[in-house]
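So that the names make sense, note that chain A is the first sequence line, chain B the second, and so on, each numbered from 1.
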Amino acid sequence: MLARVANNLFWMGRYLERSEHIARYMNVNYFSSLDAPSELSQSRQFVLRSMLFVADEEELKVGKELDERKVLFDIGLNPEKQFSILSSIQNAQQNANGARDLISTELYESINTLNRTVKNYDKDRFVKNGLFDFTTMITANVASLRTKIRGTLLHDEVYAIIMLGIYIERANQVIRIINSKYNDALVEKVNSGASVTTSYEWTTLLKCVQTYDMMRRYYRKIPTSNTVLDFLILNPVCPRSIMNSLNNILYYISFLSKEEIPHKDTAAFLIGKLKYEHQYKTIEDVQGGLKTFIEKLVEDLSLVGEKMDKDYFSLY
Amino acid sequence: MFVKKYFIKFTQKVFDLKAPTNLPIFSSYEFDSRFYDEIFTDNNEVRQVYETLFNLFSEYSVDDFANLNDKAKDAFFNQGITFQVYGDKETKEKIFPFDLFPRIIGNKEWCKIEKGALQRSKALNEFLWDLYHDQKIIKDNIVPVELINSSVNFLKQMKGFNPPGGIYNHVSGTDLIKHSDGDYYVLEDNIRCPSGVSYVVGNRDALKRTLFGVFNHYQSYNVSDYGQNLLEIIESVKPKGVDIPKCVVLTPGVYNSAYYEHSFLAKQMGVELVEGRDLFIENDFVYMKTIKGLERVDVIYRRVDDLFIDPLEFKKDSLLGVPGLFKCYMKGKVCLVNAPGTGVADDKAIYTYMPQIIKYYLDEEPILNNVYTYHCSRPEELKYVLENVDKLVVKPVDESGGYGISIGNKLTKEEIEKVKATIKDDPRKYIAQPIMSLSTHATYIEEENSFEPRHVDLRTFTLLGKDKSFVLKGGLTRVALKKGNLVVNSSQGGGSKDTWVLKK
C-alpha cells in the first residue's frame with residue numbers, strides 16, 4: 001500500500017471516530033446536565049466549558065462568558081473551526097477520497113452521503129433545538145460506517161491501518177473525556193465541597209462513552225471514581241476502555257510490523273510497552289497520583305500517533 | 001423552418017387519470033426536421049428500438065420525472081461522481097449533468113460502429129509506428145511531410161523506439177455523430193488520454209437505480225467489463241523479463257477534474273492509484289513508496305499529459321510527473337500507456353487523411369465516414385474557406401474540449417471578419433468542415449420540466465494490446481443541453497446519457 005494512501009486511511013479512521021466521540025460528548029453532557037443534582041452541574045456555562053474542553057482546549061483560554069448557540073455551532077457545524085464535527089466529517093471524506101480506489105464503493109458512498117448531510121444541515125434548527133437529532137444522527141452513522149469498514153473491506157493492511165486510526169483516536173478521545181470529567185469533579189468539589197469519589201460526573205462520564213449499563217452490570221455498585229476509572233482505563237473487557245484500545249492497537253500493528261521484537265524507537269515498541277505497563281497495573285497503584293497518571297496517559301497516547309506517522313507515512 | 005409538433009396518442013387517457021398538473025411528458029415535443037431525430041421518424045412514428053421505452057415513459061407524469069431527476073442527481077453526488085469547480089470564494093462540487101432518457105443503439109447499427117472504431121484504432125497504431133520509424137507513408141506521398149514537421153505533438157525522442165508489444169494507442173476514444181442522412185460520421189479520434197469511460201458505467205448505475213422498471217424490458221450489453229479488459233490490455237504490454245507485471249494508474253491528483261475517473265479505473269482493475277510524488281526512480285527502474293518500502297512498478301496507465309510526465313525531459317516545472325520516468329521508458333524498464341507522442345496522429349489535420357491512412361496500412365475501405373475537411377494550409381482550400389466562413393465550422397487543429405471552434409451560421413458579420421483574420425494569421429492552425437447536423441434526442445430539460453430534442457454525439461472506447469483488442473459495447477452519449485447548441489463537451493455545458501447497445 002502507498003504510504004500516502006495509508007496516511008489517508010489512517011486519518012479517515014481517526015476523523016470518523018473523533019466526530020462520534022465529540023457528538024456523543026455533546027449529547028450526553030447537555031442532556032444529563034438538565035436534571036443534574038447540583039446547581040453548578042446544571043449551569044450552562046459549566047456544561048459549555050466542559051464541551052469545549054474536549055473539543056479544543058485552546059478555545060477555553062480566552063475565559064469569556066460563553067454563548068450557548070455559538071458554542072454549539074462552533075463544535076457542531078462551524079466550517080471555520082477545525083475541531084467542529086462538520087470539519088471532522090469533511091476531513092474524513094477528503095481522506096477517503098484520497099484512498100478511494102482502495103476502499104469499497106459502499107463505504108465511500110456512505111461517507112460521502114454523511115458528509116453531504118452534515119454540510120447541508122440546517123444551522124438554525126441545530127442550534128435552536130436540533131442538538132439531540134444531529135448528534136444522534138452522527139453517532140448512528142459513524143457506527144454504521146464502522147460496520148461497513150468491517151463488513152465490506154478485505155481484512156488486510158488497508159483494514160489494519162483504518163482500525164489503527166480508529167483505536168488510536170478512541171484511546172485519545174476516551175482519555176480526554178476522562179480528563180475532562182475528572183476536572184469537572186474537581187471543580188465541583190472546590191465549589192460545593194461535593195466528594196470527588198461519588199460525584200455525579202462519573203455517571204455522566206460512563207454515559208459519554210456508552211458504558212453506564214455495562215459498568216453497573218460488571219460491578220453491581222453505584223459508580224465511584226475508583227470503579228469508573230478502573231473500568232474505563234484498565235479493564236480489557238470494557239469495549240471503550242484504554243486497555244481494550246491498546247490491545248486492539250497492538251493486534252493491528254502486527255499486520256504492519258512483522259518484527260517479533262520491534263526496535264525501541266518505533267510505534268510498535270511504544271504500543272507494546274504501554275499495553276504491558278497497564279496490563280499489570282491496578283487502580284489502587286495510581287490512587288495517590290490520579291491527575292499525573294491521566295495526564296501522562298494523554299501524552300503517551302498522542303505520542304503513539306506521532307510515531308505511527310514517522311514509521312509508516314513519512315516515506316512520501 | 002418547418003416544425004413538427006408531436007401529440008401522443010394517449011394524452012387523453014393520462015388526463016383522465018391524473019390532476020391537470022400531471023402533464024404527459026411528450027405532450028409538446030417539437031423537433032426540427034432538418035435534423036435526424038433518434039426517437040421519431042419524419043412521419044411522427046416512434047422508431048422501432050424506442051417503442052417499448054416510449055410506451056413505458058408515457059406512463060410517467062412530468063412530476064414523476066422531476067422527482068426521478070432529483071433522485072438521479074442525488075445518486076451522483078452520493079457516489080461522489082463529481083468534479084470540482086474553483087471559484088473566488090469557495091470550491092463547488094458539481095456533477096456532470098445526466099439525462100434520464102437513455103440512448104438506444106440497435107445491434108446491427110452497433111456492429112458497424114464497433115468494426116469501424118477498431119479499424120481506425122488499428123490503422124492509427126500502424127500509422128504511429130510508421131511515423132516514428134521509416135515514415136513510408138510520407139515517402140509514398142500519402143500524407144504531406146509538412147503536417148508532421150509542423151506538428152508540436154511529434155516527439156522526436158520517440159523516433160526509432162519500439163514500444164512494448166508494438167502498441168502506441170492502447171486506449172482510443174472515437175467521437176461519432178449521426179448526420180441528417182442517418183449515417184454515422186467520425187468527428188475526431190482521441191488517442192492521448194481519452195476520458196469519459198467512468199461515466200458510461202456511472203450513468204448505467206444511476207439509470208438502474210432510478211428507472212429500474214424500464215430496464216428489464218430491454219436486453220442490452222453490460223458495460224462493467226471495461227476495467228477487466230483494460231487490465232488485460234495493459235498487462236499484455238509488460239516490459240521484457242517481467243512475469244506478473246505490477247500495474248498502476250497515474251493521476252495528477254484529487255484536484256484534477258477527472259480524479260473520479262482515475263480512482264474508478266484503479267478500483268475496477270484492482271491496482272494502485274498513484275501520484276507522481278508516490279513514485280521514485282532508481283537505476284532506471286520505477287518504484288512506488290509503500291508502507292513497507294519501495295515496490296517496483298512495470299506498467300503505468302498514465303492520465304497525465306505527455307508534457308507533464310517527466311520534468312527532466314519535457315516541461316521543467318511539472319510537479320505531476322516523475323523525474324527520469326521517460327528514460328526508464330526508453331530503456332524498456334517500464335511501459336507507459338498510452339505511449340508518449342500519440343498526439344501527432346489525432347490532431348484535426350491528420351484526421352482528414354484517415355480514409356487514406358486506413359487504406360494504406362490495412363488495405364481496407366474505411367467502415368466509418370469521415371467528414372469532408374478543408375485544409376487552410378492549402379491555398380485553394382483556404383480561399384474557399386475564407387469565402388464561406390458562414391457555412392462552415394472552423395476548428396483549430398490542436399485544441400481539445402471544444403475551445404476555439406466557430407460555427408459559421410451562428411456568427412455575426414463582425415465575428416466572421418474576426419474569424420477570417422485569425423485564420424489568415426496562421427492557416428496551418430485551422431481546418432474547416434461543412435456544418436454537420438448532429439442528430440437530436442429527447443432529453444429532459446430541468447428548467448422547462450419537459451422532454452425536448454437536443455443534439456447528441458457518441459464517444460466509443462477501444463482498447464488495443466499485444467494480440468488482443470476490445471471495444472466497449474456502449475459508449476458515452478454526450479448531449480448539448482442548451483437549445484440549438486451543437487457543442488456537446490462538458491466544459492461547454494454538455495451532459496450525458498446512458499447508452500444501451502442491444503443484444504438483438
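- Between the side chain of Tyr259(B) and the main chain of Asn97(A), a donor-acceptor pair closer than 3.5 Å is present.
- Contact annotation for Gln94(A): neither backbone nor side-chain heavy atoms come within less than 4.5 Å of a heavy atom of chain B.
- Using a 4.5 Å cut-off between heavy atoms, Val271(B) touches chain A through its backbone atoms (N, CA, C, O) alone.
- Lys310(A) NZ: more than 12 foreign heavy atoms inside a 6.0 Å radius.
- Expressed to the nearest 0.5 Å, how far CD1 of Ile291(B) lies from CD1 of Ile161(A) amounts to 4.5 Å.
- In terms of heavy-atom pairs under 4.5 Å with chain B, the best-connected choice from Ser110(A), Gly98(A), Ala6(A) is Gly98(A).
- Contact detail for Asn78(B) and Asn112(A): the closest heavy-atom pair is O-ND2, 3.1 Å.
- Note: Phe77(B) CZ to Asn115(A) CG = 12.0 Å, rounded to the nearest 0.5 Å.
- A side chain to side chain contact (heavy atoms under 4.5 Å, CB included) with Arg4(A) is found for one member of Lys289(B), Glu275(B), Met288(B) and no other, namely Glu275(B).
- Note that the OG1 atom of Thr105(A) and the CG atom of Asp205(B) stand 8.5 Å from one another [nearest 0.5 Å].
- Interface residue Ser104(A): only backbone heavy atoms are found under 4.5 Å from chain B.
- Residue Leu319(B) places its CG atom among 12 or fewer non-hydrogen atoms of other residues, nucleotides or ligands, all under 6.0 Å distant.
- Both the backbone and the side chain of Arg100(A) come within less than 4.5 Å of a heavy atom of chain B.
- Counting heavy atoms of neighbouring residues, nucleotides and ligands inside a 6.0 Å radius, atom NZ of Lys123(A) exceeds 12 of them.
- Within 6.0 Å of OH on Tyr251(A) lie no more than 12 heavy atoms contributed by other residues, nucleotides or ligands.
- When the shell of 6.0 Å around NZ of Lys307(A) is examined, it contains more than 12 heavy atoms from other residues, nucleotides or ligands.
- Using a 4.5 Å cut-off between heavy atoms, Ile111(A) makes no contact with chain B at all.
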inquiry  = Walk me through whether Asp101(A) and Gln268(B) qualify under side-chain contact (heavy atoms from CB on, under 4.5 Å).
reply    = CA-CA 8 Å; Asp101(A) 54 313; Gln268(B) 291 289 307; over 6 Å; no

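- Checked by atom type and distance alone, the side chain of Lys292(B) never pairs as donor or acceptor with a backbone atom of Met1(A) at under 3.5 Å.
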